[in-house]
Amino acid sequence: MTDVFEVDRYDAAGRLGELEVPRAGVTVETPALLPVINPHIQTVSPAQLESEFGAEALITNSYVLYGSDELREPALEQGIHDLLDFSGAIVTDSGSFQLAEYGDIDVTTEEILEFQREIGSDLGTPVDIPTPPDIERERAADELATTEERLEIAREVDTGEMLVNAPVQGSTYADLREAAGERAGESGLDVFPVGAVVPLMNEYRYGDLVEVVAAAKRGLPESAPVHLFGAGHPMMFALAAALGCDLFDSAAYAIYARDDRYMTVRTTEHLADLEYFPCSCPVCASHTPAELRGMDDDDRERALAEHNLHVSFGEIRTIKQAIRRGSLLELVEARARSHPAMLDGYRALLDHAAQLERTDPVSKSTFFHLSTESARRPEVARHHDRLERIATDGDQILLTQGSTEDSFDECWRVEPPFGPFPRELSDGYPLTAETPERLGMQAYEQAAEGVRRLVADSPDVAFTLAHDDWPATALERVPATVDLWNLGE
């Protein structure tokens with residue numbers, strides 16, 4: 001793997017980074033959105049994407065150019081930057097989408113990479129096999145082997161300064177995705193797209209999407225820049241960013257506009273159903289829904305596409321600011337309430353709290369406990385892991401939600417969802433958490449798990465837990481050797 005990506009800041013596995021693109025002479029700040037450009041149909045021009053929306057990179061299909069009688073020679077003669085009138089980084093796909101849709105394409109990895117280099121692409125792609133979800137394991141393994149053979153071929157092609165993608169395939173088999181990530185990371189290539197996940201997103205299978213991406217990330221080096229292929233809707237950008245995805249491409253802004261569909265960060269609306277625009281972008285601030293409905297088809301499509309881009313790029317900026325502030329998981333939690341399937345995705349994300357914790361900063365802005373799921377965040381898991389490294393002082397220790405008692409050798413605080421901690425740590429992150437008065441059972445259960453961990457690590461100490469009317473499901477997790485005082489009685 002080449003040294004083209006540098007991480008500036010983490011939050012969970014999300015990161016602010018810089019992807020150096022030497023052929024274009026630009027550095028792309030990540031997370032970054034790459035609008036998809038159809039060379040034949042440009043609903044919004046690349047020049048406008050750059051000047052109005054601040055796009056630093058875009059993606060287009062080199063196979064479409066390769067097979068086009070109209071565009072092939074101009075692309076070779078002018079170069080793709082002049083052809084598209086775009087000065088930022090241009091990523092080109094290889095025809096794998098057409099392979100998935102139609103079953104066959106008439107180009108090899110060598111031919112398409114050489115064509116991508118010749119037209120001036122900044123980041124090219126070999127012809128991988130985009131294996132769909134849920135197929136039989138034998139086929140997934142066979143197609144993954146073919147993809148990896150093509151990555152080996154790609155290493156031998158003279159691509160000059162053009163970076164090369166190493167797609168990570170493996171269908172919905174976590175072990176195949178993890179192994180594919182490991183081998184892609186060893187390929188010497190540059191950027192690592194997680195491929196063939198569009199069907200999962202189209203079917204709102206965000207929990208399964210999380211499992212696929214988390215597995216690929218486990219295999220890849222932490223320093224690897226990751227592209228989530230086909231992540232078109234802004235409602236899931238924050239979730240994917242928290243997993244450690246750095247690049248997103250979207251054709252949805254144009255496809256949805258063609259069908260009179262209007263994006264928000266929470267959902268998609270049909271223009272016919274809107275009386276008011278819940279947005280203050282330039283399109284929505286200067287038009288009513290009725291006025292857009294009265295436009296001719298091309299003007300309406302362009303206006304809706306521009307709105308969809310404003311929402312999408314706005315969400316990327318929101319994610320960047322959340323990472324910088326240390327509040328990405330709060331943003332993911334807010335977005336998870338937009339749809340039941342997004343909540344599945346968030347809960348699946350927290351199943352990998354230990355994986356997220358490895359890069360999550362030990363100190364950041366205040367921990368906001370916003371829901372039952374907050375009790376499963378990586379900060380809670382980290383606190384429990386650290387209990388074994390905190391020495392106890394004395395033979396009898398009170399863990400209390402109330403005041404101290406002089407009859408004990410030591411008095412620790414205990415607070416849901418973290419559990420016990422020495423009082424001198426009270427002012428440190430995340431123990432300064434803001435929590436609601438009406439906590440869910442899971443917060444108490446996680447606090448009880450912290451008590452259990454502390455007791456297990458201190459077998460010679462007698463513990464007393466003074467709790468404020470904890471539910472029975474939490475108290476069942478407290479070891480029987482602990483004396484219980486209910487402060488609520």
Side-chain angles (χ1 to χ4, degrees), residues 12-13 93-94 96-103 125-151 165-185 187 191-221 224 226-233 235-252 332 335-336 339-356:
D93 198 2
S94 61
S96 296
F97 173 78
Q98 283 76 9
L99 180 65
E101 289 290 310
Y102 308 118
T125 308
V127 183
D128 61 310
I129 308 296
T131 307
D134 308 318
I135 65 164
E136 61 277 9
R137 183 183 177 87
E138 182 178 1
R139 176 185 161 190
D142 288 346
E143 293 186 354
L144 175 57
T146 300
T147 289
E148 291 173 344
E149 288 170 5
R150 293 175 180 179
L151 297 187
N165 279 318
V168 178
Q169 298 291 349
S171 187
T172 34
Y173 297 97
D175 61 325
L176 294 183
R177 289 280 186 173
E178 183 172 350
E182 184 174 352
R183 288 190 287 269
S187 69
V191 178
F192 303 89
V194 180
V197 292
V198 171
L200 296 177
M201 289 183 277
N202 288 344
E203 296 170 14
Y204 285 66
R205 293 171 56 184
Y206 293 116
D208 291 334
L209 175 68
V210 166
E211 298 301 331
V212 164
V213 176
K217 287 284 295 184
R218 285 194 298 272
L220 287 165
V226 176
H227 182 163
L228 186 62
F229 263 163
H233 200 292
M235 71 186 294
M236 53 77 59
F237 288 174
L239 176 67
L243 278 162
C245 295
D246 307 292
L247 303 173
F248 308 90
D249 65 270
S250 174
V332 176
R335 298 294 183 250
H339 194 283
M342 285 296 301
L343 186 56
D344 283 338
Y346 181 45
R347 288 172 174 169
L349 175 76
L350 295 176
D351 288 342
H352 300 282
Q355 184 172 331
L356 305 182

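Residue numbers run from 1 in the order of the sequence given.
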Applied to residues 235-244, the side chain to side chain donor-acceptor pair (under 3.5 Å) test, sequence neighbours excluded, yields none
Working to the nearest 0.5 Å, report the span between [atom1] of [X] and [atom2] of [Y].
X	Y	atom1	atom2	result
D344	H339	CG	NE2	9.5 Å
F248	M236	CZ	CE	6.5 Å
S187	R150	OG	CZ	15.5 Å
Q169	D128	CD	CG	5.0 Å
D93	N165	CG	CG	8.0 Å
M201	Y206	CE	OH	7.5 Å

Mind listing the closest non-hydrogen atom pair of [X] and [Y] along with its distance?
X	Y	result
G232	A252	O-CB, 3.7 Å
T172	P133	CG2-CB, 3.7 Å
L176	A140	CD1-CB, 3.9 Å
P130	A196	C-CB, 3.7 Å
T125	P167	CG2-CG, 4.3 Å
A216	V194	CB-CG2, 4.0 Å

Would you say the side chain of [Y] lies within less than 4.5 Å of the side chain of [X], judging by non-hydrogen atoms?
X	Y	value
K217	H352	no
S171	L144	no
R139	P132	yes
M235	M342	yes
E203	D208	no

Would you find more than 12 non-hydrogen atoms of other residues, nucleotides or ligands less than 6.0 Å from E138 atom CD?
-> no
| query | Do T147 side-chain atoms and I129 backbone N/O form a donor-acceptor pair below 3.5 Å? | reply | yes
query = Counting N and O atoms only, with roles assigned by atom type, does the side chain of D249 sit under 3.5 Å from a partner on the main chain of G230, one being a donor and the other an acceptor?
reply = yes
Could you tell me which residues satisfy salt bridge (Lys or Arg N to Asp or Glu O under 4.0 Å) with [X], sequence neighbours excluded, listed by chain and number?
X	answer
E211	none
R177	none
D134	R205

Distance-only check: which donor-acceptor pairs under 3.5 Å involve side-chain atoms of residues 240-247, not counting sequence neighbours?
| residue | atom | partner | partner atom | Å |
| --- | --- | --- | --- | --- |
| D246 | OD1 | R15 | NE | 2.8 |
| D246 | OD2 | R15 | NE | 3.4 |
| D246 | OD2 | R15 | NH2 | 2.8 |
| D246 | OD2 | V226 | N | 2.8 |

Residues at least two apart in sequence or cross-chain that pass ring pair (Phe, Tyr, Trp, His ring centres under 6.0 Å) with Y346, listed by chain then number, are none
